[in-house]
There are 2 protein chains.
Amino acid sequence: MAGQKNKVTIFDVAKASGVSSSAVSYALNNKPGVSEATRAKVLKIARDLGWKPNGAAQSLARSNTSRIGVVLAREETQLLSVEPYMMELLAGLGTELEQHDYSILLRFAVGRDAEMAILKDWIATGNVDALLLVNLEMDDPRVELLKNNPEMPVLALCDPSLSGGLPVMRSLDMQAVTRAVSYLHDLGHERIGRVGGPESFGHSYIRDAAFSDAAAELGVRYRCLHADYTPSGGIEATKRLLSVSPRPTAIIYDNDVMALAGMGIAREMGFDIPGDLSIMAWDDSFMCTAVFPHLTVMGRDIVGSGRRAAQLLLKIIDGEQVDVADEAPYDLRERASTGPVPAETANR
Amino acid sequence: MAGQKNKVTIFDVAKASGVSSSAVSYALNNKPGVSEATRAKVLKIARDLGWKPNGAAQSLARSNTSRIGVVLAREETQLLSVEPYMMELLAGLGTELEQHDYSILLRFAVGRDAEMAILKDWIATGNVDALLLVNLEMDDPRVELLKNNPEMPVLALCDPSLSGGLPVMRSLDMQAVTRAVSYLHDLGHERIGRVGGPESFGHSYIRDAAFSDAAAELGVRYRCLHADYTPSGGIEATKRLLSVSPRPTAIIYDNDVMALAGMGIAREMGFDIPGDLSIMAWDDSFMCTAVFPHLTVMGRDIVGSGRRAAQLLLKIIDGEQVDVADEAPYDLRERASTGPVPAETANR
DNA sequence: TTGTATGCGTTATCAA
DNA sequence: TTGATAACGCATACAA
């Protein structure tokens, strides 16, 4: 019962125009091989008849699909709670693809095995022209799979160290980390805590190293705990960070939800934000300016990254060589949740 | 440069098996017409050769695509800030579709015209087997379009009063509104404010009416302002609601972001939550339990709704009649942001 | 410039 | 039970 009310084919158009189907095809695709007169006539008749190309037939003949594949993997239990990021990325990707008549083919996998099965299916069936790989982990099996199938265009969103040579768009986490740490250091903070995302995630790992380096560079004491992006994870980690003495005077969270939860529990524990404790989050969202005090964040143009990814993918599909591209850099969005360390409370 | 390393076709399988291509097709599709012996042989050889059906060819021959189309419309300026809802819905939809080898074909439109163009394209090209319509507005042109193209299966997520007879899955907003109002009334609240979503949205309108009715029923004073789902919108509306005398003792927000922002500004204004003012939000998210006090919400199983929508769509594709289906009901998730009205502050 | 013929990979019809 | 063969709708090499 599929769609397709429109049973008008190029043969119908050809008959109505008094020319052959190939002439119609040339005319409709703006290719040489027909006179301007017949082209115009064919175009008019095609429009009058309401002709539109059949997608499947076009795909079969051209052997391309005008679709980019994205698999979102959920864990068994719950949604990967990076939704605001993912949605913005998809929006940027989709908006840019729209300019080129490309679509996003989206699938949800429960578990890594299911994700691999989908990717293998796409490689074999040719249901997408290219793949966007997100949320890469260390030694990710997807990298191996796509290196073994070099004919499938792909772009990975991760650090080049994780992609095994696949084309990559990387986020500039390193310099952002340096910026964040020196910002807090400039405010007088000498003990900084961090609540990172799951250790298996590639970007958690990358940030781990960058934070250690930046802190060492500036002589800042740095302690990191890993959590799972959820409120309870953020609360637990915050409690632990604040229970040691001397406690950190600033905490950076890998996402907004944990930052919000951390700020909340810190207040419940009697800390004033930012008087006693400065709070920073990674990645911006509506949430960050909905809460009081507004959260200082390291933000970036995620929608823009999605658009850039689309452009890169189209290039790769075109056969252009892409190795490593950069996202737009992060910028520090200073708001009310961070401030200088008051001398008298610093060692409380 | 499209994918398709696997140039193994059914002809290759046929040759290797020593049978004809049609026999192979029957065998692979579990259809009668071949003996069990040859079926088994063909299946084995197909697997050994790594054969997978070509998607485009299959679509063309079967004239179906195994894809459900979803268009997300963004306004000119910014993302529609219902992202957490949308992402969960897509996750449910996609997870269920996965069981039936269906995918989501996702496109992002900027503006309603672009969205209409995409839908028309899909109807003509047959690039999807069915459509899911979300975020319906009053007198939505999409309804008209799909009524004029009854051969395209469709499910709308809205109140039946908005769908013009198209198959619908409706959310049970009416009873949820009644529940919310009576919950607050039972706590002693006699003046309730509300910050709704944009008036053009169908569900805003539905809730408007339901709130008015429920408030009148219980003799509760009710005042509603409409905002745009953003923090600043929530803040502005909250200020206005609290600036009149006597002020409401409870405010219900149509989304979590506005509730968070409203709670924040109310505190800045000196109100204790929930001592002086009770706050409730519509739809649950991580945000609601990340903030202190945790937000009392009217929640629902959005992922489940997505799954249900998938099941309905597959039914509709199968030619089954679907008129009006219900989402799972909302449930009141009582947390710390709501409480009784202290007599002495009630008229402050 | 135009038309004919064939390929794309499956599914489905119809003889054998 | 089998195996040619014709759709499916479009693109294109080749011949006219």
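Here is the naming used below: chain letters follow the sequence lines, and residue numbers restart at 1 for every chain.
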Donor-acceptor under 3.5 Å ([X] side chain, [Y] main chain):
{"X": "A:Thr65", "Y": "A:Asp129", "result": "yes"}
{"X": "A:Asp159", "Y": "A:Leu162", "result": "no"}
{"X": "A:Asp121", "Y": "A:Ile118", "result": "no"}
{"X": "A:Asp301", "Y": "A:Gly304", "result": "yes"}

- Message: Counting the atoms with a prime plus P, OP1 and OP2 as sugar-phosphate, which does A:Thr38 contact under 4.0 Å by heavy atoms, base, sugar-phosphate, or nothing?
- Response: sugar-phosphate
- Query: Heavy atoms under 4.0 Å, any strand shown: does B:Val19 hit a base, just sugar-phosphate, or nothing?
  - Reply: sugar-phosphate
Please table the atom pairs, donor to acceptor, closer than 3.5 Å between any side-chain atom in residues 27-35 of chain B and protein atoms at least two apart or in another chain.
{"from": "B:Asn29", "atom 1": "ND2", "to": "B:Ser25", "atom 2": "O", "distance (Å)": "3.0"}
{"from": "B:Asn29", "atom 1": "ND2", "to": "B:Ser25", "atom 2": "OG", "distance (Å)": "3.4"}
{"from": "B:Ser35", "atom 1": "OG", "to": "B:Thr38", "atom 2": "N", "distance (Å)": "3.3"}
{"from": "B:Ser35", "atom 1": "OG", "to": "B:Thr38", "atom 2": "OG1", "distance (Å)": "3.0"}

[X] [atom1] to [N] [atom2]: how many Å, rounded?
{"X": "B:Arg39", "N": "D:dT1", "atom1": "CZ", "atom2": "P", "result": "10 Å"}
{"X": "A:Asn127", "N": "C:dG9", "atom1": "CG", "atom2": "P", "result": "14 Å"}
{"X": "A:Lys15", "N": "D:dG9", "atom1": "NZ", "atom2": "P", "result": "13 Å"}
{"X": "A:Asn64", "N": "C:dC8", "atom1": "CG", "atom2": "P", "result": "16 Å"}
{"X": "B:Leu49", "N": "C:dG9", "atom1": "CG", "atom2": "P", "result": "15 Å"}

- Closest non-hydrogen atom pair between A:Trp51 and A:Ile10, with its separation: NE1-N, 3.6 Å
- Message: Treating primed atoms plus P, OP1 and OP2 as sugar-phosphate and everything else as base, which nucleotides of nucleotides 10-16 of chain C get B, S or - for protein heavy atoms under 4.0 Å?
- Response: BBBB---
